[in-house]
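Reviewing the structure listed below.
Here is the naming used below: chain letters follow the sequence lines, and residue numbers restart at 1 for every chain.
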Protein chains: 2
Amino acid sequence: MRLTSKGRYAVRAMLDLTVNSNGNPVRLQEISNRQNISLHYLEQLFRRLRNGQAVKSVRGPGGGYVLARSMDEITVKDILDCVGENINPAKDIIGSEAETANTPEFHISKDYFQNLGVIMKEYLQTTSLGDLIRKSREKDLGGRPDAPTDTPEPKPGYNMGTPI
Amino acid sequence: MRLTSKGRYAVRAMLDLTVNSNGNPVRLQEISNRQNISLHYLEQLFRRLRNGQAVKSVRGPGGGYVLARSMDEITVKDILDCVGENINPAKDIIGSEAETANTPEFHISKDYFQNLGVIMKEYLQTTSLGDLIRKSREKDLGGRPDAPTDTPEPKPGYNMGTPI
DNA sequence: TTATCACTCGACTAAAAGGGTCACGTCAAC
DNA sequence: GTTGACGTGACCCTTTTAGTCGAGTGATAA
(Lines give C-alpha, C1' and ligand atoms only; values in the text may rest on other atoms or scores of the structure.)
Protein backbone atom coordinates (compact mmCIF):
# COMPACT_ATOMS: atom_id res chain seq x y z
CA MET A 1 0.00 0.00 0.00
CA ARG A 2 1.27 3.40 -0.87
CA LEU A 3 -0.08 6.87 -0.47
CA THR A 4 2.48 9.25 -1.88
CA SER A 5 2.67 12.82 -3.03
CA LYS A 6 1.43 11.71 -6.43
CA GLY A 7 -2.03 11.16 -4.95
CA ARG A 8 -1.95 14.40 -3.01
CA TYR A 9 -0.80 16.30 -6.08
CA ALA A 10 -3.71 14.85 -8.02
CA VAL A 11 -6.24 15.75 -5.35
CA ARG A 12 -4.80 19.22 -5.07
CA ALA A 13 -4.88 19.76 -8.80
CA MET A 14 -8.44 18.53 -9.01
CA LEU A 15 -9.49 20.87 -6.22
CA ASP A 16 -7.82 23.72 -8.06
CA LEU A 17 -9.57 22.76 -11.24
CA THR A 18 -12.93 22.56 -9.48
CA VAL A 19 -12.57 25.93 -7.81
CA ASN A 20 -11.18 27.83 -10.77
CA SER A 21 -13.35 26.45 -13.52
CA ASN A 22 -16.76 27.99 -14.03
CA GLY A 23 -17.72 25.53 -16.62
CA ASN A 24 -14.73 26.77 -18.60
CA PRO A 25 -11.64 24.71 -19.36
CA VAL A 26 -8.68 25.36 -17.07
CA ARG A 27 -5.15 25.21 -18.48
CA LEU A 28 -2.57 23.02 -16.78
CA GLN A 29 -0.18 25.95 -16.93
CA GLU A 30 -2.48 27.89 -14.58
CA ILE A 31 -2.74 25.00 -12.15
CA SER A 32 0.99 24.55 -12.33
CA ASN A 33 1.55 28.19 -11.43
CA ARG A 34 -0.99 28.28 -8.64
CA GLN A 35 -0.12 24.98 -7.03
CA ASN A 36 3.57 25.02 -7.78
CA ILE A 37 3.51 21.61 -9.39
CA SER A 38 5.68 20.90 -12.42
CA LEU A 39 3.71 21.33 -15.64
CA HIS A 40 5.14 18.18 -17.14
CA TYR A 41 4.25 16.20 -14.08
CA LEU A 42 0.71 17.55 -14.18
CA GLU A 43 0.45 16.47 -17.80
CA GLN A 44 1.25 12.96 -16.73
CA LEU A 45 -1.28 13.01 -13.92
CA PHE A 46 -4.04 14.47 -16.08
CA ARG A 47 -3.38 11.89 -18.75
CA ARG A 48 -4.34 9.30 -16.16
CA LEU A 49 -7.25 11.35 -14.84
CA ARG A 50 -8.59 11.59 -18.35
CA ASN A 51 -8.17 7.85 -18.98
CA GLY A 52 -9.98 7.27 -15.71
CA GLN A 53 -12.89 9.49 -16.82
CA ALA A 54 -12.39 12.00 -14.04
CA VAL A 55 -11.74 14.92 -16.38
CA LYS A 56 -12.34 15.79 -20.02
CA SER A 57 -9.92 17.70 -22.18
CA VAL A 58 -10.58 20.54 -24.60
CA ARG A 59 -7.87 21.09 -27.17
CA GLY A 60 -6.77 24.16 -28.95
CA PRO A 61 -6.71 27.79 -27.86
CA GLY A 62 -9.04 28.42 -24.95
CA GLY A 63 -8.76 24.75 -24.15
CA GLY A 64 -7.82 22.96 -20.97
CA TYR A 65 -9.49 20.49 -18.68
CA VAL A 66 -12.95 20.31 -17.16
CA LEU A 67 -14.41 17.86 -14.66
CA ALA A 68 -16.04 14.89 -16.34
CA ARG A 69 -18.79 14.86 -13.72
CA SER A 70 -20.07 17.22 -11.06
CA MET A 71 -17.79 17.86 -8.12
CA ASP A 72 -20.13 15.84 -5.92
CA GLU A 73 -19.82 12.81 -8.13
CA ILE A 74 -16.01 12.62 -8.00
CA THR A 75 -14.62 11.08 -4.85
CA VAL A 76 -11.09 11.22 -3.53
CA LYS A 77 -10.89 7.50 -4.12
CA ASP A 78 -11.78 8.04 -7.78
CA ILE A 79 -8.85 10.39 -8.11
CA LEU A 80 -6.38 8.13 -6.34
CA ASP A 81 -7.48 5.20 -8.46
CA CYS A 82 -6.93 7.19 -11.63
CA VAL A 83 -3.34 8.09 -10.82
CA GLY A 84 -2.54 4.59 -9.66
CA GLU A 85 -2.36 5.00 -5.91
CA ASN A 86 -2.82 1.56 -4.44
CA ILE A 87 -4.85 1.91 -1.31
CA ASN A 88 -5.35 -1.68 -0.26
CA PRO A 89 -2.84 -2.65 2.44
CA ALA A 90 -3.33 -6.35 1.69
CA LYS A 91 -3.43 -6.23 -2.08
CA ASP A 92 0.10 -7.26 -2.83
CA ILE A 93 -0.31 -10.22 -0.51
CA ILE A 94 -2.38 -11.97 -3.12
CA GLY A 95 -0.14 -13.99 -5.36
CA SER A 96 3.17 -13.23 -3.73
CA GLU A 97 2.91 -14.66 -0.28
CA ALA A 98 -0.48 -16.31 -0.28
CA GLU A 99 0.61 -19.75 -1.31
CA THR A 100 4.06 -19.66 0.23
CA ALA A 101 2.87 -19.47 3.82
CA ASN A 102 -0.42 -20.93 4.86
CA THR A 103 0.13 -20.35 8.55
CA PRO A 104 -2.43 -19.08 11.06
CA GLU A 105 -0.20 -16.06 11.60
CA PHE A 106 -0.38 -15.27 7.92
CA HIS A 107 -4.17 -15.32 7.94
CA ILE A 108 -4.44 -13.26 11.09
CA SER A 109 -2.31 -10.48 9.71
CA LYS A 110 -3.89 -10.67 6.28
CA ASP A 111 -7.40 -10.27 7.70
CA TYR A 112 -6.26 -7.49 9.95
CA PHE A 113 -4.64 -5.46 7.19
CA GLN A 114 -7.49 -6.14 4.81
CA ASN A 115 -9.84 -4.64 7.33
CA LEU A 116 -7.66 -1.57 7.53
CA GLY A 117 -8.05 -1.35 3.79
CA VAL A 118 -11.82 -1.42 4.14
CA ILE A 119 -11.71 1.44 6.59
CA MET A 120 -9.43 3.53 4.40
CA LYS A 121 -11.45 2.84 1.31
CA GLU A 122 -14.61 3.89 3.10
CA TYR A 123 -12.98 7.13 4.20
CA LEU A 124 -11.76 7.99 0.72
CA GLN A 125 -14.86 6.81 -1.08
CA THR A 126 -17.33 8.84 0.94
CA THR A 127 -15.57 12.15 0.33
CA SER A 128 -16.16 14.06 -2.88
CA LEU A 129 -14.44 17.13 -4.22
CA GLY A 130 -17.58 19.03 -3.30
CA ASP A 131 -17.37 17.81 0.29
CA LEU A 132 -13.80 19.02 0.60
CA ILE A 133 -14.56 22.42 -0.84
CA ARG A 134 -17.65 22.97 1.31
CA LYS A 135 -15.74 21.81 4.35
CA SER A 136 -13.02 24.35 3.74
CA ARG A 137 -15.55 27.14 3.20
CA GLU A 138 -17.22 26.31 6.51
CA LYS A 139 -13.87 26.53 8.19
CA ASP A 140 -13.14 29.91 6.69
CA LEU A 141 -16.47 31.33 7.78
CA GLY A 142 -17.20 29.75 11.11
CA GLY A 143 -13.63 29.00 12.11
CA ARG A 144 -12.31 29.64 15.59
CA PRO A 145 -9.52 32.18 15.10
CA ASP A 146 -7.94 31.20 18.41
CA ALA A 147 -7.45 27.59 17.36
CA PRO A 148 -4.61 26.94 14.90
CA THR A 149 -6.62 24.15 13.19
CA ASP A 150 -3.31 22.56 12.29
CA THR A 151 -4.13 19.34 14.06
CA PRO A 152 -7.11 17.70 12.42
CA GLU A 153 -9.69 16.30 14.77
CA PRO A 154 -11.01 12.85 13.98
CA LYS A 155 -14.26 13.15 12.13
CA PRO A 156 -17.35 12.95 14.34
CA GLY A 157 -18.71 10.07 12.30
CA TYR A 158 -15.91 7.79 13.40
CA ASN A 159 -15.98 5.96 16.69
CA MET A 160 -12.41 4.98 17.35
CA GLY A 161 -13.17 3.00 20.47
CA THR A 162 -12.83 -0.69 19.81
CA PRO A 163 -10.99 -1.52 16.60
CA ILE A 164 -10.70 -5.24 17.36
CA MET B 1 2.87 6.66 3.41
CA ARG B 2 3.80 3.10 2.81
CA LEU B 3 2.58 -0.20 4.09
CA THR B 4 4.61 -2.89 2.43
CA SER B 5 5.37 -6.53 2.99
CA LYS B 6 8.14 -5.50 5.37
CA GLY B 7 5.53 -4.47 7.92
CA ARG B 8 3.40 -7.52 7.35
CA TYR B 9 6.45 -9.76 7.63
CA ALA B 10 7.29 -8.15 10.94
CA VAL B 11 3.78 -8.55 12.31
CA ARG B 12 3.68 -12.14 11.14
CA ALA B 13 7.03 -12.95 12.69
CA MET B 14 6.02 -11.32 15.96
CA LEU B 15 2.80 -13.32 16.04
CA ASP B 16 4.79 -16.48 15.41
CA LEU B 17 7.19 -15.56 18.20
CA THR B 18 4.32 -14.85 20.58
CA VAL B 19 2.53 -18.10 19.88
CA ASN B 20 5.57 -20.35 19.88
CA SER B 21 7.44 -18.95 22.83
CA ASN B 22 6.42 -20.10 26.29
CA GLY B 23 8.76 -17.76 27.99
CA ASN B 24 11.56 -19.46 26.08
CA PRO B 25 13.62 -17.83 23.36
CA VAL B 26 12.58 -18.65 19.81
CA ARG B 27 15.22 -19.01 17.12
CA LEU B 28 14.85 -17.00 13.92
CA GLN B 29 15.58 -20.19 12.01
CA GLU B 30 12.33 -21.68 13.35
CA ILE B 31 10.33 -18.61 12.44
CA SER B 32 11.95 -18.61 9.02
CA ASN B 33 10.93 -22.22 8.46
CA ARG B 34 7.39 -21.82 9.73
CA GLN B 35 6.62 -18.50 8.05
CA ASN B 36 8.70 -19.03 4.95
CA ILE B 37 10.54 -15.76 5.32
CA SER B 38 14.24 -15.50 4.45
CA LEU B 39 16.38 -15.96 7.57
CA HIS B 40 18.69 -13.12 6.64
CA TYR B 41 15.77 -10.83 6.09
CA LEU B 42 14.32 -11.78 9.47
CA GLU B 43 17.68 -10.96 11.03
CA GLN B 44 17.41 -7.48 9.62
CA LEU B 45 13.86 -7.02 10.86
CA PHE B 46 14.62 -8.33 14.34
CA ARG B 47 17.61 -6.08 14.60
CA ARG B 48 15.19 -3.19 14.26
CA LEU B 49 12.63 -4.77 16.55
CA ARG B 50 15.34 -5.11 19.17
CA ASN B 51 16.50 -1.52 18.75
CA GLY B 52 12.88 -0.48 19.11
CA GLN B 53 12.53 -2.43 22.38
CA ALA B 54 9.89 -4.77 21.04
CA VAL B 55 11.96 -7.91 21.56
CA LYS B 56 14.98 -8.97 23.57
CA SER B 57 17.66 -11.31 22.33
CA VAL B 58 19.32 -14.22 24.07
CA ARG B 59 22.63 -15.27 22.63
CA GLY B 60 24.34 -18.59 22.55
CA PRO B 61 22.94 -22.10 22.37
CA GLY B 62 19.31 -22.23 23.41
CA GLY B 63 19.12 -18.57 22.56
CA GLY B 64 16.77 -16.66 20.33
CA TYR B 65 14.30 -13.84 20.80
CA VAL B 66 11.61 -13.18 23.39
CA LEU B 67 9.03 -10.40 23.57
CA ALA B 68 10.32 -7.40 25.48
CA ARG B 69 6.88 -6.86 27.01
CA SER B 70 3.69 -8.87 27.36
CA MET B 71 1.76 -9.55 24.18
CA ASP B 72 -0.91 -7.12 25.34
CA GLU B 73 1.58 -4.30 25.64
CA ILE B 74 2.90 -4.53 22.10
CA THR B 75 0.71 -2.93 19.47
CA VAL B 76 0.80 -3.38 15.73
CA LYS B 77 1.84 0.24 15.48
CA ASP B 78 4.83 -0.45 17.74
CA ILE B 79 5.95 -3.15 15.36
CA LEU B 80 5.48 -1.07 12.24
CA ASP B 81 7.35 1.82 13.85
CA CYS B 82 10.27 -0.45 14.69
CA VAL B 83 10.77 -1.69 11.16
CA GLY B 84 10.37 1.76 9.69
CA GLU B 85 6.93 1.60 8.11
CA ASN B 86 5.77 5.15 7.68
CA ILE B 87 2.06 5.24 8.39
CA ASN B 88 1.28 8.93 8.21
CA PRO B 89 -0.23 9.85 4.82
CA ALA B 90 0.73 13.48 5.31
CA LYS B 91 4.15 13.11 6.88
CA ASP B 92 6.30 13.75 3.85
CA ILE B 93 4.30 16.88 3.16
CA ILE B 94 6.17 18.68 5.90
CA GLY B 95 9.30 20.27 4.52
CA SER B 96 8.86 19.30 0.91
CA GLU B 97 5.71 20.98 -0.22
CA ALA B 98 4.62 22.96 2.81
CA GLU B 99 6.33 26.22 1.96
CA THR B 100 6.24 25.84 -1.78
CA ALA B 101 2.46 26.04 -2.08
CA ASN B 102 0.45 27.92 0.45
CA THR B 103 -2.82 27.57 -1.41
CA PRO B 104 -6.22 26.78 0.08
CA GLU B 105 -6.22 23.59 -1.96
CA PHE B 106 -2.97 22.55 -0.35
CA HIS B 107 -4.41 23.00 3.12
CA ILE B 108 -7.64 21.23 2.32
CA SER B 109 -5.89 18.14 1.10
CA LYS B 110 -3.28 18.24 3.83
CA ASP B 111 -5.93 18.32 6.56
CA TYR B 112 -7.89 15.62 4.86
CA PHE B 113 -4.98 13.23 4.55
CA GLN B 114 -3.74 14.02 8.01
CA ASN B 115 -7.10 13.00 9.34
CA LEU B 116 -6.84 9.73 7.47
CA GLY B 117 -3.53 9.27 9.24
CA VAL B 118 -5.21 9.79 12.60
CA ILE B 119 -7.75 7.12 11.78
CA MET B 120 -5.13 4.65 10.63
CA LYS B 121 -2.92 5.32 13.60
CA GLU B 122 -5.83 4.74 15.92
CA TYR B 123 -6.60 1.44 14.25
CA LEU B 124 -3.04 0.20 14.49
CA GLN B 125 -2.40 1.58 17.95
CA THR B 126 -5.38 -0.01 19.61
CA THR B 127 -4.56 -3.51 18.47
CA SER B 128 -2.02 -5.58 20.39
CA LEU B 129 -0.49 -8.91 19.53
CA GLY B 130 -2.72 -10.38 22.24
CA ASP B 131 -5.81 -8.92 20.57
CA LEU B 132 -4.91 -10.50 17.25
CA ILE B 133 -4.23 -13.89 18.77
CA ARG B 134 -7.40 -13.93 20.83
CA LYS B 135 -9.40 -12.78 17.84
CA SER B 136 -8.09 -15.64 15.77
CA ARG B 137 -8.84 -18.17 18.52
CA GLU B 138 -12.42 -16.91 18.75
CA LYS B 139 -12.77 -17.40 15.05
CA ASP B 140 -11.47 -20.96 15.22
CA LEU B 141 -13.87 -21.90 18.01
CA GLY B 142 -17.05 -20.00 17.32
CA GLY B 143 -16.62 -19.62 13.57
CA ARG B 144 -19.47 -20.11 11.14
CA PRO B 145 -18.31 -23.00 8.93
CA ASP B 146 -20.75 -21.99 6.17
CA ALA B 147 -19.23 -18.53 5.82
CA PRO B 148 -15.87 -18.35 4.07
CA THR B 149 -14.67 -15.50 6.34
CA ASP B 150 -12.38 -14.44 3.52
CA THR B 151 -13.88 -11.00 3.30
CA PRO B 152 -13.23 -9.12 6.51
CA GLU B 153 -16.22 -7.28 7.90
CA PRO B 154 -15.64 -3.76 9.16
CA LYS B 155 -15.13 -3.81 12.91
CA PRO B 156 -18.30 -3.08 14.90
CA GLY B 157 -16.58 -0.22 16.72
CA TYR B 158 -16.33 1.79 13.54
CA ASN B 159 -19.19 3.85 12.26
CA MET B 160 -18.43 4.44 8.60
CA GLY B 161 -21.36 6.72 8.02
CA THR B 162 -20.23 10.30 7.69
CA PRO B 163 -16.48 10.70 7.15
CA ILE B 164 -16.69 14.38 6.27
C1' DT C 1 39.17 -24.59 25.84
C1' DT C 2 37.17 -25.12 22.01
C1' DA C 3 33.30 -26.25 19.19
C1' DT C 4 29.03 -24.67 18.31
C1' DC C 5 24.95 -22.18 18.43
C1' DA C 6 22.62 -18.14 17.53
C1' DC C 7 22.43 -13.39 17.46
C1' DT C 8 25.19 -8.84 15.50
C1' DC C 9 26.63 -5.78 12.20
C1' DG C 10 28.02 -3.53 8.00
C1' DA C 11 28.06 -3.73 3.36
C1' DC C 12 26.26 -4.94 -0.90
C1' DT C 13 22.86 -5.98 -4.67
C1' DA C 14 18.98 -6.14 -8.17
C1' DA C 15 14.66 -4.64 -9.07
C1' DA C 16 10.92 -1.62 -8.51
C1' DA C 17 8.72 2.63 -7.52
C1' DG C 18 8.70 7.57 -7.17
C1' DG C 19 9.26 11.96 -9.02
C1' DG C 20 10.32 14.51 -12.75
C1' DT C 21 11.86 15.90 -17.64
C1' DC C 22 11.95 16.04 -22.68
C1' DA C 23 10.94 16.04 -27.61
C1' DC C 24 7.77 15.63 -30.59
C1' DG C 25 3.35 14.89 -31.74
C1' DT C 26 -1.91 16.33 -32.87
C1' DC C 27 -6.01 18.97 -32.77
C1' DA C 28 -8.65 23.36 -32.92
C1' DA C 29 -9.32 28.22 -33.51
C1' DC C 30 -8.34 32.60 -35.20
C1' DG D 1 -0.78 28.54 -41.16
C1' DT D 2 0.57 29.99 -36.84
C1' DT D 3 -0.35 29.70 -32.19
C1' DG D 4 -2.30 27.64 -28.04
C1' DA D 5 -3.02 23.71 -25.62
C1' DC D 6 -3.42 18.92 -24.88
C1' DG D 7 -1.26 13.87 -26.15
C1' DT D 8 2.26 10.48 -26.01
C1' DG D 9 6.28 7.74 -25.43
C1' DA D 10 10.58 7.57 -23.87
C1' DC D 11 13.88 8.76 -20.76
C1' DC D 12 16.24 10.05 -16.37
C1' DC D 13 17.85 10.09 -11.52
C1' DT D 14 17.08 8.89 -6.82
C1' DT D 15 15.16 6.30 -3.04
C1' DT D 16 13.13 2.28 -1.22
C1' DT D 17 12.36 -2.69 -1.06
C1' DA D 18 13.56 -7.08 -0.52
C1' DG D 19 17.05 -9.93 -0.08
C1' DT D 20 22.02 -11.63 0.34
C1' DC D 21 26.62 -12.18 2.22
C1' DG D 22 30.49 -12.59 5.27
C1' DA D 23 32.88 -11.66 9.15
C1' DG D 24 32.05 -10.93 13.68
C1' DT D 25 30.67 -11.60 19.28
C1' DG D 26 28.88 -13.68 23.29
C1' DA D 27 27.27 -17.71 25.79
C1' DT D 28 26.89 -22.52 26.77
C1' DA D 29 28.41 -27.11 27.21
C1' DA D 30 31.30 -31.07 25.96
Next item on the list: Report the residues that fulfil salt bridge (Lys or Arg N to Asp or Glu O under 4.0 Å) with B:K77, sequence neighbours left out, ordered by chain and then residue number.
Entry: B:D81
Check: Just how far, in rounded Å, is P of C:dC5 from CZ of B:R27?
Finding: 10 Å
Notebook entry, point to check: Rounding to a whole Å, what distance do you find between B:Q29:CD and C:dT4:P?
Noted result: 17 Å
Check: Any side-chain N or O of B:T4 under 4.0 Å from OP1/OP2 of D:dT16?
Finding: no
Checklist line | Side-chain N,O (B:K6) to OP1/OP2 (D:dA18) below 4.0 Å | finding: no
Item checked: Side-chain N,O (A:R50) to OP1/OP2 (D:dG7) below 4.0 Å -> yes
Check: Heavy atoms under 4.0 Å, any strand shown: does B:V83 hit a base, just sugar-phosphate, or nothing?
Finding: nothing
Notebook entry, point to check: Whole-Å distance between C:dG18 C1' and A:R48 CZ?
Noted result: 10 Å
Check: Quick one: B:E85 CD to D:dT15 C1', roughly how many Å, whole number?
Finding: 15 Å
Using distance only, find each side-chain donor-acceptor pair of residues 48-62 of chain A under 3.5 Å and give its atom names and separation, not counting sequence neighbours.
from: A:R48; atom 1: NH1; to: A:V83; atom 2: O; distance (Å): 3.3
from: A:N51; atom 1: ND2; to: A:R47; atom 2: O; distance (Å): 3.3
from: A:Q53; atom 1: NE2; to: A:N51; atom 2: O; distance (Å): 3.3

Next item on the list: Could I get the full list of side-chain contact (heavy atoms from CB on, under 4.5 Å) partners for B:L28, not counting sequence neighbours?
Entry: B:I31, B:L39, B:L42, B:E43, B:F46, B:Y65
Notebook entry, point to check: Roughly how many Å is it from CG in B:L3 to C1' in D:dT16, rounded to a whole number?
Noted result: 14 Å
Margin query: Less than 4.0 angstrom from a charged side-chain N to a carboxylate O is my criterion; do A:D78 and A:R69 meet it?
Written below: yes
Next item on the list: Nearest whole angstrom, please: distance from the C1' of C:dT8 to the CG of B:L49.
Entry: 14 Å
Check: Which one, D:dT17, D:dG7, C:dC7, comes nearest to the side chain of B:S57?
Finding: C:dC7
Margin query: Output one letter per nucleotide in nucleotides 20-30 of chain C: B when a protein non-hydrogen atom lies under 4.0 Å from the base, S when only the sugar-phosphate is that close, - when neither is.
Written below: BBB--BBSB--
Notebook entry, point to check: To the nearest angstrom, how far is A:L28 atom CG from D:dG7 atom P?
Noted result: 8 Å
Item checked: side-chain contact (heavy atoms from CB on, under 4.5 Å) against B:N33, all qualifying residues, sequence neighbours excluded -> B:Q29
Item checked: B:L3 side chain near A:L116 side chain, heavy-atom distance below 4.5 Å -> yes
Margin query: What is the separation between atom CG on B:L42 and atom C1' on D:dG19, rounded to the nearest whole Å?
Written below: 11 Å
Next item on the list: Please collect all side-chain hydrogen bond (donor to acceptor under 3.5 Å, both in side chains) contacts where either partner lies in residues 16-28 of chain B, sequence neighbours excluded, each pair once.
Entry: B:D16-B:N20, B:D16-B:R34, B:D16-B:Q35, B:R27-B:E30
Next item on the list: Could you check whether B:F46 gets within reach of a base, just the sugar-phosphate, or nothing at all, counting any heavy atom under 4.0 Å?
Entry: nothing
